[in-house]
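Inspection log for the structure reproduced underneath, given as structure tokens.
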Number of protein chains: 2
Amino acid sequence: MAESARPTSRDVARQAGVSQATVSLVLGGKWRGRVSERTAEAVRQAAGELDYRPNLAARSLRLGRTRTALLVVPALTHEYFARVYAGAARVAEENGFGVVLYPSPEGIGPARDPFGSARAAIDGVIASSMAADALAGIGDGGLPLVMLDSGPGAPDGPPTVDLAVADGIRQVVRHLLGLGHRTITHIASDVDTWTFRIRAQTVREELAGVPGVLLRTERCALDVEPARQAAVRALSAPGPRPTALLCDGDVLAAGACKAARALGLAVPHELSVSGFDDLSLALAVDPELTSVRLPAEEVGAQGMRALLALLSGRPVPPCELPVTLVARGSTAPAP
Amino acid sequence: MAESARPTSRDVARQAGVSQATVSLVLGGKWRGRVSERTAEAVRQAAGELDYRPNLAARSLRLGRTRTALLVVPALTHEYFARVYAGAARVAEENGFGVVLYPSPEGIGPARDPFGSARAAIDGVIASSMAADALAGIGDGGLPLVMLDSGPGAPDGPPTVDLAVADGIRQVVRHLLGLGHRTITHIASDVDTWTFRIRAQTVREELAGVPGVLLRTERCALDVEPARQAAVRALSAPGPRPTALLCDGDVLAAGACKAARALGLAVPHELSVSGFDDLSLALAVDPELTSVRLPAEEVGAQGMRALLALLSGRPVPPCELPVTLVARGSTAPAP
DNA sequence: CTGTTAGCGCATTCAT
DNA sequence: ATGAATGCGCTAACAG
């Protein structure tokens, strides 16, 4: 029963009693007025009977394109990037494309050699949350490139898909101000990328004109334990104790909550804590985190759309996706 | 400045003053005693100067193999699977292989058509945590297959890489018994796969002979909110209230902790809660979760090794990886 | 030791 | 409307 070898277009041609070229035409979908309807139908039936699938290697070789995009992410174990991938993969599939992942070992640093690692041949690259200069190697390679969440680029640079993080921070700050908080510490990521620089900058700007505000900053790595330590520093620093910790991510907020509890401070009544990203973690901790929801899937989807446009030579307008504050139990009126 | 077209092995050959076949031999690493050291060096230098990279489509077409594996996972947004991927990708890269992901849209159900979707051509498949019969289509396709975390298969079936989940559960149960707990509710996943069936079975078995034990079970979906509801049911059920909730995963444990707090029960002093998986979530919640650490990366790595062995015709012994209980703050002596 | 040759499966151009 | 011929870039068998 085993027809062990995979059928080729020649096998289909033989079965349908036509030439291989005709098979290619019909299955390629471009036979209008070139092949008779009857012949086309015969070809399709033969292909179905043999369970024919075109050999992608051969197709790629012939076409010089692979219909595959490379998605470069700092770390797949972060839910945000997994969701970006999901969005990109969805749009890719809708367009007959594939996506292969390249989890950059250098984190957000220069991506050394995506091609040695992601072994598939690639038509283009989508880079998520990388430092602006981290992709020189790729840009030089002449590969079409789209950058996600890396800030508005030069008009003649690669297309970008950004999140309105500044607006998100603004919403958080106003939320905290509205609750009466005036002594606020920003628990900031120590990662030097656009998304975090703009957050710090926006916090400063929004708080600058407000009377009676005391803003301080603690930086730490993007993990629970460093955040806990940063929060301990923030809460035991000399001067008035902050009534709110504005964190650059839900993971940091979780660490901050641990610190608060260890110091005997009740969240939210004695200390408000806000997150960012709105990962599933925001609902897993208690109290649930006030956070900013990022449309991660949509970032991936728009990134893939931008790349597809780029590949077809269509113009690619820059794109900024809105984000929304989700107020939950970790923030409350200042004591 | 733009040498727009990518250099081919012919370009390298011309530059080095040798034939294309020689280039192939040298760069393919199999020239021992077939090409002189001087020639080989010239080829390597020419390749370096031109920044030559072999065309993978052509190589695949010629070889009939793609050096690419497909990893089928239920959901990439779960940290466990992201880590399995990381492990598999690492071993793959060490062996010049690539990994493409197929996040099965049907969750753990039958994987309909991995090949239409994952567009790369594939040498073999690694399936993680799928129902045993969910891969009939792949098995029939005659593709080499390795199954992860799906229980010991038939001796003549596909190779398997399993976790010692039964042992993990045993460790949890003994930990709870050692703390004096006798009224225990198992917050169980409602997903019908080997890994969860064996957990439920092991809980029953381990508790069966112990005098004075009252075991109950609440099933729920693998998410925080369903788990919270299940825990509420468990804690407000008629009869003696459980002093410990043994959860099938950290996510469920997080939900259980929320329920406890809402009901005014302090974790761990009035209620112990144990998790499973030891995700980063276990350290993000407060108190930190007693959990069972799963070597997820190692599962992926061993899975890839098994597939590589399978592809080279080497025998593949079944493999079971040990797991370890990590006792933390969410469990304490029974009140 | 090295070069020549053939062919992987497909899309395409040119005849018919 | 269809078939024959070509070549994408590579590796492997064989010739020198």
Side-chain angles (χ1 to χ4, degrees), chain A residues 3-44 46-47 50-68 96 115 119-123, chain B residues 3-44 46-47 50-68 96 115 119-123:
Chain A
E3 187 73 20
S4 193
R6 263 177 55 173
T8 74
S9 63
R10 262 164 82 139
D11 298 328
V12 177
R14 193 164 22 231
Q15 171 105 358
V18 300
S19 85
Q20 182 253 356
T22 305
V23 172
S24 182
L25 246 28
V26 172
L27 268 37
K30 42 184 86 170
W31 51 282
R32 326 272 148 168
R34 321 236 274 128
V35 175
S36 73
E37 176 57 56
R38 277 191 47 240
T39 313
E41 186 47 37
V43 167
R44 275 189 290 260
L50 294 177
D51 191 29
Y52 166 74
R53 295 162 194 283
N55 180 315
L56 296 180
R59 190 207 296 266
S60 293
L61 179 58
R62 179 68 236 258
L63 259 27
R65 294 169 298 112
T66 56
R67 302 189 74 80
T68 300
F115 314 107
R119 297 199 10 80
I122 295 303
D123 284 344
Chain B
E3 187 73 20
S4 192
R6 264 179 53 174
T8 73
S9 64
R10 260 163 83 140
D11 298 326
V12 176
R14 191 163 25 228
Q15 170 107 356
V18 298
S19 84
Q20 193 204 14
T22 306
V23 172
S24 181
L25 282 180
V26 173
L27 269 37
K30 42 184 85 170
W31 51 283
R32 325 273 148 168
R34 321 240 271 127
V35 176
S36 74
E37 175 58 55
R38 278 192 46 241
T39 315
E41 185 49 35
V43 167
R44 276 190 290 260
L50 296 176
D51 191 30
Y52 166 74
R53 294 161 195 284
N55 180 316
L56 297 178
R59 187 204 297 255
S60 292
L61 179 56
R62 180 64 238 254
L63 259 29
R65 293 168 298 113
T66 56
R67 303 188 73 80
T68 299
F115 313 109
R119 296 197 11 78
I122 295 303
D123 285 345

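In what follows, chains are A, B, ... by sequence order, proteins preceding strands, each numbered from 1. The shown structure was predicted, so the numbers you read here are calculated from the model rather than taken from an experiment.
- A:Arg34 is linked by a side-chain hydrogen bond (donor to acceptor under 3.5 Å, both in side chains) to nothing, counting only residues two or more places apart in sequence or in another chain.
- Atom CZ of B:Arg14 and atom P of C:dG3 are 14 Å apart (whole Å).
- Comparing the axis of the opening five pairs of the helix from C:dC1-D:dG16 to C:dT16-D:dA1 with that of the closing five pairs yields an angle of 50°, rounded to 10°.
- In this structure B:Ala42 satisfies the side chain to side chain contact (heavy atoms under 4.5 Å, CB included) test with no other residue, sequence neighbours excluded.
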Legend entry - Where protein sits on nucleotides 10-16 of chain C, one letter per nucleotide: B base, S sugar-phosphate only, - none, heavy atoms under 4.0 Å: BBB----

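- In this structure a side-chain-to-backbone donor-acceptor pair under 3.5 Å is missing from B:Ser60 to A:Ala57.
- Partners of A:Arg65 under the side-chain hydrogen bond (donor to acceptor under 3.5 Å, both in side chains) rule, at least two apart in sequence or in another chain, do not exist in this structure.
- When the P atom of C:dT2 is taken as reference, atom CD of B:Glu37 falls 11 Å away, rounded to whole Å.
- Checked against side chain to side chain contact (heavy atoms under 4.5 Å, CB included), A:Arg10 has the following partners two or more places apart in sequence or in another chain: A:Thr8, A:Gln20.
- Residues meeting the side chain to side chain contact (heavy atoms under 4.5 Å, CB included) test with A:Ala21, sequence neighbours left out: A:Ser19.
- Legend: residues meeting side-chain hydrogen bond (donor to acceptor under 3.5 Å, both in side chains) with A:Ser24, ordered by chain and number and at least two apart, are absent.
- Not counting sequence neighbours, the partners of A:Asp11 by the salt bridge (Lys or Arg N to Asp or Glu O under 4.0 Å) test are A:Arg14.
- Under 4.0 angstrom from either OP1 or OP2 of C:dC8 there lies no side-chain N or O belonging to B:Ser60.
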